[in-house]
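A short write-up of the structure that comes next.
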Amino acid sequence: MKVVGNNRFQKAANTILILNYLRSRGNCSRALLSRNLGLQPSTVTYIVNRLQDLGLVYETKEAEKSGSGRKPILLALNRGYGYSIGLDLQADYYNFVVSDLGGITVLTGWREHTGRSLSFSDLVISVIDEILEQIDGKVLGLGLALPGVVDALNSEVVDCWTHSLTNYSFPEEISERYDFPIHLENDANCCSWHKLWDDGDDRDDSFLYLLTRFHRAELVPEDMPPVGVGLGLVLEGEVFRGFRHMAGEFRSIFYREPGTGQLSLSKQELQRVLADKEVLRRLIVEILRNIFFLIPVLNPRVIYIGGDLGSHKDLILDILDKELKNEDSFRKKMLCGLEVSEDCAFDSAKGAAVLSQKQLFSMPHVGDSKKSSSWYDFLMGKAGE
């Protein structure tokens, strides 16, 4: 039985296929697009002409001629067509990145805030408005990274201790305020998205991203410690969330009362973690012992250590050499790498921008009612006619 395809849907899918190729591979000719994507030359010509009309693609220099005939004209993605924002919103500060259509960062920013005097929705609006004032151009989407348990598919914050949110549905008043989609994700998962986007050449890659945050004690809820630990888990090329979106939530195997939060250290010890080198050392030892426990279980290629621990590389290496020598020897035997990311302050924000980029360049699915961003509607209504 012959299955009748949705012509409008297929044209939109081919359009995204061509855009994604130009984004990831760079400039190329129409003939190369046709050959490498398995599309008919007439299909490529039709879609490229529409993309040129929309301003998403333009012709650039001629390529070197490989044989007889005319030199092929190269096509390029118009990176300045629009921008994606990645926002990492913490209890006491936020940072953000702005990426062009090709995923290149064009703007970054960081600022402390006293957001606990505002409701969460007012805080989000005020921060987004501050960022938009710095952008000259069209915004295509925003990724919002938050600590805690986030149901990214349903835009719900299940539990976020830094902002005192539980079973919190992202307000429609925020979504309706802006003419671009907003995507929520856990901050450690965003760090993983960043690594997958920038460094992940292997689609089957598996790794862990350890994200540790040190917050100002006066700006977190009174019953919570100022240290947060989370894991981004990537298994065979996919960010793993678990069936209740809690994969990567951390609780030390050494946890004991009267410890609070996620570790065996007391709240008082955690409050002086940056002022007391011995407490910081104990904290790192405890976290690493927990992480090394996962190596034979998950068999990752590498462990990335980011967040605020990234600035303590020398201390981490000293601990591995002196206190965790046996554990580190086993890690090496398992061929699991370990990288301390010293330049990682914007990893979560970059990953949040990637989340928005992924929505722009992901293939549509027939019957997917959630794929309703203005970008997708734009391609379906214009390039997909």
[X] versus [Y], closest heavy-atom pair with distance:
{"X": "Arg251", "Y": "Asn290", "result": "O-OD1, 4.1 Å"}
{"X": "Glu278", "Y": "Asp276", "result": "N-OD1, 3.0 Å"}
{"X": "Phe214", "Y": "Leu280", "result": "CZ-CD1, 4.1 Å"}
{"X": "Gln262", "Y": "Phe250", "result": "NE2-O, 3.0 Å"}
{"X": "Leu144", "Y": "Phe170", "result": "CD2-CE1, 3.9 Å"}
{"X": "Leu87", "Y": "Tyr94", "result": "CD1-CD1, 3.8 Å"}

Partners passing side-chain contact (heavy atoms from CB on, under 4.5 Å) against [X] (at least two apart in sequence or in another chain):
{"X": "Glu59", "result": "Arg30, Gln52, Ile73, Leu75"}
{"X": "Arg177", "result": "Ile125, Asp129"}
{"X": "Arg35", "result": "Leu32"}
{"X": "Glu249", "result": "Val149, Asn186, Met246"}

In chain order, what residues pass the side chain to side chain donor-acceptor pair (under 3.5 Å) check against [X], with sequence neighbours excluded?
{"X": "Ser311", "value": "none"}
{"X": "Asn95", "value": "none"}
{"X": "Arg111", "value": "Glu130"}
{"X": "Tyr168", "value": "none"}

Between [Y] and [X], is there a side-chain donor-acceptor contact under 3.5 Å, judged purely by atom types and distance?
{"X": "Ser119", "Y": "Asp122", "answer": "yes"}
{"X": "Gln90", "Y": "Asp88", "answer": "yes"}
{"X": "Tyr21", "Y": "Asn36", "answer": "yes"}
{"X": "Ser84", "Y": "Gln357", "answer": "yes"}

Shared ILVMFWY cluster between [X] and [Y], side chains joined below 4.5 angstrom?
{"X": "Val279", "Y": "Ile316", "answer": "yes"}
{"X": "Leu274", "Y": "Val285", "answer": "yes"}
{"X": "Leu123", "Y": "Leu142", "answer": "yes"}
{"X": "Tyr93", "Y": "Leu118", "answer": "no"}
{"X": "Ile319", "Y": "Leu317", "answer": "yes"}

Taking side chain as C-beta onward, heavy atoms only, is [X] less than 4.5 Å from [Y]?
{"X": "Thr212", "Y": "Leu210", "value": "yes"}
{"X": "Leu288", "Y": "Leu320", "value": "yes"}
{"X": "Lys350", "Y": "Trp197", "value": "no"}
{"X": "Asn27", "Y": "Leu22", "value": "no"}
{"X": "Ile85", "Y": "Leu132", "value": "yes"}
{"X": "Leu263", "Y": "Ile287", "value": "yes"}
{"X": "Pro225", "Y": "Gln271", "value": "no"}
{"X": "Leu208", "Y": "Val302", "value": "no"}

Exercise. Under the salt bridge (charged side-chain N to carboxylate O under 4.0 Å, His left out) rule, what pairs show up with a residue in residues 279-295, not counting sequence neighbours?
Worked result: Glu269-Arg282, Arg281-Asp318, Arg281-Glu323, Arg289-Glu327
Any chance [atom1] of [X] has more than 12 other-residue heavy atoms, nucleotides or ligands included, within less than 6.0 Å?
{"X": "Glu173", "atom1": "CD", "answer": "yes"}
{"X": "Phe293", "atom1": "CZ", "answer": "no"}
{"X": "Gln134", "atom1": "CD", "answer": "yes"}

What donor-acceptor contacts under 3.5 angstrom involve side-chain atoms of residues 96-107, with partners at least two apart or in another chain?
residue: Asp100; atom: OD1; partner: Gly102; partner atom: N; Å: 2.9
residue: Asp100; atom: OD1; partner: Gly103; partner atom: N; Å: 3.1
residue: Asp100; atom: OD1; partner: Ile104; partner atom: N; Å: 3.0

[atom1] of [X] to [atom2] of [Y]: how many Å apart, nearest 0.5 Å?
{"X": "Leu211", "Y": "Leu309", "atom1": "CG", "atom2": "CG", "answer": "9.0 Å"}
{"X": "Ser356", "Y": "His183", "atom1": "OG", "atom2": "NE2", "answer": "5.0 Å"}
{"X": "Leu74", "Y": "Thr60", "atom1": "CG", "atom2": "OG1", "answer": "6.5 Å"}
{"X": "Phe180", "Y": "Gln359", "atom1": "CZ", "atom2": "CD", "answer": "14.5 Å"}

Looking at [Y], is its backbone amide N or carbonyl O close enough to the side chain of [X] to form a donor-acceptor pair, meaning the two atoms are under 3.5 Å apart?
{"X": "His215", "Y": "Thr162", "value": "no"}
{"X": "Asn49", "Y": "Thr45", "value": "yes"}
{"X": "Thr43", "Y": "Leu39", "value": "no"}
{"X": "Asn78", "Y": "Gly80", "value": "yes"}
{"X": "Ser192", "Y": "Val239", "value": "no"}

For this session: Run the numbers on Leu298 and Phe240 for side chain to side chain contact (heavy atoms under 4.5 Å, CB included), then give the verdict.
Result: CA-CA 12 Å; Leu298 299 177; Phe240 180 71; over 6 Å; no
Side-chain donor-acceptor contacts of residues 228-235 below 3.5 Å, not counting sequence neighbours, with atom names and distances?
none

For this session: Carefully, step by step, assess Val157 and Leu184 under the rule side chain to side chain contact (heavy atoms under 4.5 Å, CB included).
Result: CA-CA 8 Å; Val157 182; Leu184 270 63; 3.7 Å; yes
Exercise. Looking at Phe330, does the NZ or CZ of Lys325 lie under 6.0 angstrom from its six-membered ring centre and within 45 degrees of the ring axis?
Worked result: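 No.
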Exercise. Within 45 degrees of the axis of the six-membered ring of Tyr83 and under 6.0 Å from its centre: does Lys138 put its NZ or CZ there?
Worked result: no
For this session: Would you please test Val273 and Val227 for side chain to side chain contact (heavy atoms under 4.5 Å, CB included) and show each step?
Result: CA-CA 9 Å; Val273 66; Val227 177; 4.1 Å; yes
Considering only distance and modelled atom types, tabulate donor-acceptor pairs under 3.5 Å from the side chains of residues 334-348, sequence neighbours left out.
residue: Asp347; atom: OD1; partner: His194; partner atom: NE2; Å: 3.4
residue: Asp347; atom: OD2; partner: Tyr209; partner atom: OH; Å: 2.7
residue: Ser348; atom: OG; partner: Asp187; partner atom: O; Å: 3.2

For this session: Begin with the C-alpha distance, continue with both residues' side-chain angles, and end with the deciding distance and a verdict on side chain to side chain contact (heavy atoms under 4.5 Å, CB included) for Val150 and Cys160.
Result: CA-CA 8 Å; Val150 177; Cys160 175; over 6 Å; no
